[in-house]
Amino acid sequence: MIKYAKSHEWADINGNEATVGISKFAAGEIAGVTMIYLPEVGQEVTAGEKLCELEGSKSVEDIMSPVSGKVIEINEELDSNPELIDDDALAAWICKIEVTAVADELMTEEEYEAFIK
Amino acid sequence: MAKRTPLYEKHVELGGKIVDFAGYDLPVQYSNILEEHRTVRNDVGLFDVSHMGELLVTGKDAEEALNYVLTNDIRGMYDGQVRYSLLPDENGGAVDDVLIYRENAEKFIVVVNGANVEKDAAWVESHLKKGVGFENISDKVSQIAVQGPKAKELIAKLVKEEDIPVKYYSFKPCVDIKGICTYLSRTGYTGEFGYEVYCENKDAIALYDILLEAGAEFGVKPCGLGARDSLRLEASMPLYGHELSDEIMVNEVDLDFAIKMNKEDFIGKKALEAHSPEYSRIGAKVTGKGIVREHMDIYCGDEKVGISTSGNMSTTLGYPVCMLRVKKGFEDKVLEADVRGRRVALEVVQMPFYKRAK
């Protein structure tokens, strides 16, 4: 099930593996992703702390990790084509994380929709 | 509270995301900045640039009086010509950068940056000699920029051929667009073919609607300040507060074409004569991984040799570009930018970064 963080990332958590990206709302606010600094495979990440950075058409944005754990795979396609995030933020996953802990207060899609209203 | 242009409600209706810019509530984007950027490069976009100011300078001594407050020489312009100039202060810095419109020998319009209208109006008025007419008409005038290769067909649909200015940096006064009196100017801030259309505030919404409707078949889109900034960057056009300021000598910004040291006295001339340039404005392509934006430190080895003044991804070229202010002598050296603590490689390139095919 897809869950959302207040900092506008999504995590699709299946067992101990989470696929992570940014929300459609966040992509809209960024108004054009021009570059992403992907995390590295093997990188340890902490829920609520910086996962990586992303350059938008106006400014650079921090992407926070919705879960704690270790990065096990990255979406290298975004390296050459970061606009995939604009096209479909839910399909354009950033990385997969082997989860050790999930951030408190992750929201369901419904809750997130209400949160961004 | 920020001021609103006559088109404010229009922007909201069109889904514009409103931000405070130059003291005005203006749309930074309507949809996606990159898409709006491409629209201008490939088709045609509309920008509300009514925040720009207009100063009217009139009288038989208007030319001579204006020439004293400008770095460029406006003598010898023809009626309907536009010329770029800096507005210098006594120290050789810039009060602003401006466009001078000569309507006739006794009527000039100075177009100034939105953020500087009050400052420029006070400055120009106080430095014009007595007997010259001066009026700040900024609050009466709206401006819509129609930019992109298809601007030509769009305007041709609406305006009689003899009323369309042909030459770059020329304009026609009192041009009728469906009953609206406009000033039609072959100028722009995007590096693309285009026009800037001035009208009275009361006509702004009607004119905007006319342009949107006439442009529908050419794929016209409303475009915001975000695309305006990324477009001007590709064209290497300076932006006041970035490449220009009162703390940057105007002979250090690669705009010497607009500084006529040989003309008679003008404000700041003595300071400029006494100042041999210590910095250059240069352009660079970012070859390392990163986006170099404004105010990042530029290094040659361990030595800090300047700063970036503007920078972003070039949507058209597919790589990031930036403009730099670096110490003289380092223009051809190996340079790097400090992007949040990481060194990112640069390659100095010719400006403009993007030049439209003619």
Side-chain angles (χ1 to χ4, degrees), chain A residues 7-8 21-43 45-46 49-65 71 74-92 94-95 113 115-117, chain B residues 15-21 26-41 221-234 285-296 308 310-322 337-342 344:
Chain A
S7 48
H8 307 290
I22 68 166
S23 74
K24 194 175 170 209
F25 171 80
E29 290 292 301
I30 291 164
V33 177
T34 59
M35 188 179 283
I36 185 163
Y37 308 91
L38 288 166
E40 282 173 25
V41 172
Q43 188 179 322
V45 295
T46 307
E49 291 183 12
K50 190 157 97 176
L51 170 66
C52 64
E53 291 176 345
L54 177 155
E55 298 271 7
S57 52
K58 292 168 291 188
S59 56
V60 64
E61 307 293 338
D62 285 345
I63 307 303
M64 314 307 270
S65 188
V71 176
I74 55 173
N75 184 358
E76 290 182 28
E77 215 183 337
L78 294 181
D79 220 5
S80 53
N81 197 0
E83 276 192 66
L84 289 172
I85 295 173
D86 299 321
D87 298 342
D88 188 348
L90 286 180
I94 292 170
C95 65
E113 289 299 327
F115 172 72
I116 58 176
K117 275 252 163 70
Chain B
K17 184 176 154 66
I18 306 293
V19 298
D20 182 345
F21 178 80
L26 283 166
V28 63
Q29 81 227 27
Y30 297 85
S31 53
N32 178 300
I33 293 176
L34 310 180
E35 272 175 41
E36 291 173 20
H37 183 109
R38 290 191 195 102
T39 294
V40 171
R41 288 278 177 256
K221 266 191 195 163
C223 298
L225 294 166
R228 184 170 154 85
D229 190 54
S230 59
L231 288 157
R232 72 94 196 165
L233 172 68
E234 285 186 342
K285 169 181 177 177
V286 181
T287 51
K289 170 110 180 174
I291 305 274
V292 176
R293 300 177 191 272
E294 65 266 28
H295 306 313
M296 292 180 168
S308 55
S310 293
N312 208 336
M313 174 62 82
S314 164
T315 304
T316 311
L317 300 170
Y319 51 78
V321 296
C322 53
D338 181 333
V339 180
R340 297 180 296 282
R342 277 185 314 113
V344 174

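These numbers were taken from a predicted model, which means no experiment stands behind them. Labels below follow one simple rule: chain letters A, B, ... track the order of the sequence lines, proteins then strands, and each chain is numbered from 1.
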Smallest separation among heavy atoms of [X] and [Y], with atom names:
X        : Y        : answer
B:Leu34  : A:Ser57  : CD2-CB, 4.0 Å
B:Pro320 : A:Met35  : CG-CE, 3.9 Å
A:Thr34  : B:Met313 : O-CE, 3.2 Å
A:Glu29  : B:Gln29  : O-NE2, 4.2 Å
A:Ala31  : B:Ser31  : CB-O, 4.3 Å

Step through the shown structure and confirm whether more than 12 heavy atoms of other residues, nucleotides or ligands are within 6.0 Å of CD on A:Glu77.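 Open.
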
Interatomic spacing from NZ in B:Lys289 to CG in A:Leu38 - rounded to 0.5 Å: 6.0 Å

Rounded distance [0.5 Å steps], CD in A:Glu53 versus CD1 in B:Ile291: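 Reported to 0.5 Å precision, the distance equals 11.5 Å.
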
Would you mind checking which part of A:Val60 comes under 4.5 Å of any heavy atom in chain B, side chain (CB onward), backbone (N, CA, C, O), both or neither? both

Just give me the residue among B:Ser230, B:Gly290, B:Ala227 that pairs up with chain A most often, heavy atom to heavy atom, under 4.5 Å.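 So the answer, after comparing B:Ser230, B:Gly290, B:Ala227, is B:Gly290.
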
Can you tell me which portion of B:Asn32 sits under 4.5 Å from chain A's heavy atoms? Options are side chain, backbone, both or neither. both

Presence of salt bridge, A:Glu55 and B:Arg340, under 4.0 angstrom: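 A:Glu55 and B:Arg340: salt-bridged.
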
